[in-house]
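What follows is one structure encoded as structure tokens, with my remarks underneath.
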Amino acid sequence: PGNVNFDILQTAFETGAKVGIAMMTGPIATIGEQGYQAEMYVTGFDDDQAHDATTISATLRPCADYTTAPDFVEIPV
């Protein structure tokens, strides 16, 4: 509903599409941040109206049929 990240996760759940996810130590555009990136399937998605506007629950499963291999990454200088 107007939130790009929400819409991406909801659409991936509803269509079975894989989505790129990066779980970083901080903002992804910040030099030196580190984390894990992988293509995932959204296998569960809860947008229960009882939640506040900033909270959802999503279950992710790594893709075996990835285009880009899962990897640990660091944002370069």
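Residue indices begin at 1 and follow the sequence shown.
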Check your understanding: Do any pairs count as a side chain to side chain donor-acceptor pair (under 3.5 Å) and have a residue in residues 16-34, sequence neighbours left out, and if so which ones?
Key -> T25-E33, Q34-E74
Over all heavy atoms of both residues, which pair between [X] and [Y] is shortest? Give the atoms and the distance, please.
X   : Y   : answer
N3  : N5  : OD1-N, 3.0 Å
T68 : E39 : N-OE2, 3.1 Å
P76 : I31 : O-CG1, 3.7 Å
F13 : V42 : CD1-O, 3.2 Å
I21 : M40 : CG1-CG, 3.8 Å

Taking distance alone, no hydrogens or angles, what donor-acceptor pairs closer than 3.5 Å link side-chain atoms of residues 59-66 to residues at least two apart or in another chain?
residue: D65; atom: OD1; partner: Y41; partner atom: OH; Å: 3.0
residue: D65; atom: OD2; partner: Y41; partner atom: OH; Å: 3.0

Check your understanding: Mind checking who shares a hydrophobic cluster with I28, ILVMFWY linked at side-chain heavy-atom distances under 4.5 Å?
Key -> M24, V73, I75
Point to revise | Cluster link M23 to V4, ILVMFWY, side chain under 4.5 Å | key: yes
Point to revise | Intermediate values then yes/no, side-chain contact (heavy atoms from CB on, under 4.5 Å), I56 and D46 | key: CA-CA 6 Å; I56 66 159; D46 177 14; over 6 Å; no
Point to revise | Sub-4.5 Å side-chain heavy-atom contact between S57 and F45 | key: no
